[in-house]
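Working notes for the structure below.
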Amino acid sequence: MRLKRAYEAPEAADGHRVLVDRLWPRGVRKDALTIDAWMKEIGPSDELRRWFGHDDARWEEFAARYREELRRGPAAEHLNELVALAKRGTVTLVFGAKDERHNQAVVLRDVIERRLRRAQKSAPHS
């Protein structure tokens with residue numbers, strides 16, 4: 001699992017590139033962003049995004065609320081898709097936030113990696 005800002009150039013090592021923002025990144029033309037998919041619905045709800053406002057003091061609460069959103073509806077379906085993709089190869093979560101440590105892609109990567117570890121532990125050993 002890799003994370004990359006939408007403003008960074010793609011690399012061959014990125015594998016499957018998925019934009020995980022509900023809103024298109026500011027200042028990026030649609031034809032200029034190299035992505036394989038845009039999973040709008042996996043991004044935090046508008047309400048949660050506005051409440052967080054990239055305020056570091058709200059980070060822990062934001063992460064908890066976002067993990068909860070990932071458990072239901074279209075977000076849960078997209079999460080399952082991303083986990084399946086990650087089982088097959090490299091996935092890069094593309095995001096627009098300036099803060100590279102406090103954004104939904106960080107939370108999403110952690111949730112996916114946790115799911116992958118759980119799947120490895122429960123897989124039958126050959």
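Side chains included, hydrogens not; waters and symmetry mates left out as well; all remaining heavy atoms used. Worth saying up front: this structure is predicted, and the values here are computed from it rather than measured. Nothing fancy with the numbering, it's 1 onward along the sequence.
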Of the non-hydrogen atoms in Pro25 and Leu33, which two are nearest, and what is the gap between them? CG-CD2, 4.4 Å
Check the hydrophobic clustering (I, L, V, M, F, W, Y; side-chain heavy atoms under 4.5 Å; chains of links allowed) and say if Ile35 and Tyr7 are grouped together. yes
Short question: side chain of Glu8, backbone of Arg5 - any donor-acceptor pair under 3.5 Å? yes
So which heavy atom on Leu116 is nearest to which on Lys87, and how close? CD2-CG, 3.5 Å
For Arg65, give me all partners under salt bridge (Lys or Arg N to Asp or Glu O under 4.0 Å), at least two apart in sequence or on another chain. Glu61
Does Arg67 reach the side chain of Arg114, with side-chain heavy atoms less than 4.5 Å apart? yes
Are Val28 and Leu93 linked, directly or through intermediate hydrophobic residues, by side-chain heavy-atom contacts shorter than 4.5 Å (ILVMFWY only)? no
Shortest non-hydrogen pair, Arg22 vs Asp46, comes out as CD-OD1, 3.3 Å
Please round to the nearest 0.5 Å and tell me the distance separating atom CZ of Arg117 and atom CD1 of Ile112. 11.5 Å
For Trp24, which residues count as a ring pair (Phe, Tyr, Trp, His ring centres under 6.0 Å) partner, sequence neighbours excluded? Trp38
Going by heavy atoms in the side chains, are Thr92 and Val94 under 4.5 Å from each other? yes
For Arg17, the salt bridge (Lys or Arg N to Asp or Glu O under 4.0 Å) test, sequence neighbours excluded, returns Asp14
Count the heavy atoms of every other residue, nucleotide or ligand shown that sit under 6.0 Å from NZ of Lys40, and state whether that count exceeds 12. no
Met39 side chain near Leu19 side chain, heavy-atom distance below 4.5 Å: no
Donor-acceptor pairs are to be reported for all side-chain atoms of residues 71-82 against protein atoms at under 3.5 Å, with residues two or more places apart or in another chain.
from	atom 1	to	atom 2	distance (Å)
Arg71	NH1	Glu68	OE1	2.8
Arg72	NH1	Glu68	O	3.0
His78	ND1	Glu81	OE2	3.3
His78	NE2	Glu41	OE1	3.1
Asn80	OD1	Arg115	NH1	2.8
Asn80	ND2	Ala76	O	3.4

Ala105 and Phe95 have their tightest heavy-atom pair at CB-CD2, 3.7 Å
Any residue meeting salt bridge (Lys or Arg N to Asp or Glu O under 4.0 Å) with Arg29, in chain and number order, not counting sequence neighbours: Asp31
Is there a side-chain contact between Trp59 and Val107, using heavy atoms and a 4.5 Å cut-off? yes
Considering non-hydrogen atoms only, spot the tightest contact between Tyr66 and Pro44 and give its length. CE1-N, 3.6 Å
Between the side chain of Arg58 and the main-chain N/O of Ala63, is any donor-acceptor distance below 3.5 Å? no
Under 3.5 Å donor-acceptor, Asp21 side chain and Gly96 backbone: yes
Do the charged groups of Glu69 and Arg49 touch, with an N to O distance under 4.0 Å? no
Assess the residue pair Val18 and Ile42 against the criterion (side-chain contact (heavy atoms from CB on, under 4.5 Å)); give the C-alpha distance rounded to whole Å, side-chain angles, the decisive distance to 0.1 Å, and a yes or no. CA-CA 10 Å; Val18 181; Ile42 205 163; over 6 Å; no
His54: which residues meet the ring pair (Phe, Tyr, Trp, His ring centres under 6.0 Å) condition with it, sequence neighbours left out? Phe52
Decide yes or no on side-chain contact (heavy atoms from CB on, under 4.5 Å) for Lys4 and Glu100, but give the supporting numbers first. CA-CA 8 Å; Lys4 189 171 268 191; Glu100 295 185 35; over 6 Å; no
Determine whether Thr90 and Arg2 satisfy the following criterion, side-chain contact (heavy atoms from CB on, under 4.5 Å), listing intermediate values before the conclusion. CA-CA 7 Å; Thr90 303; Arg2 298 179 66 164; 3.8 Å; yes
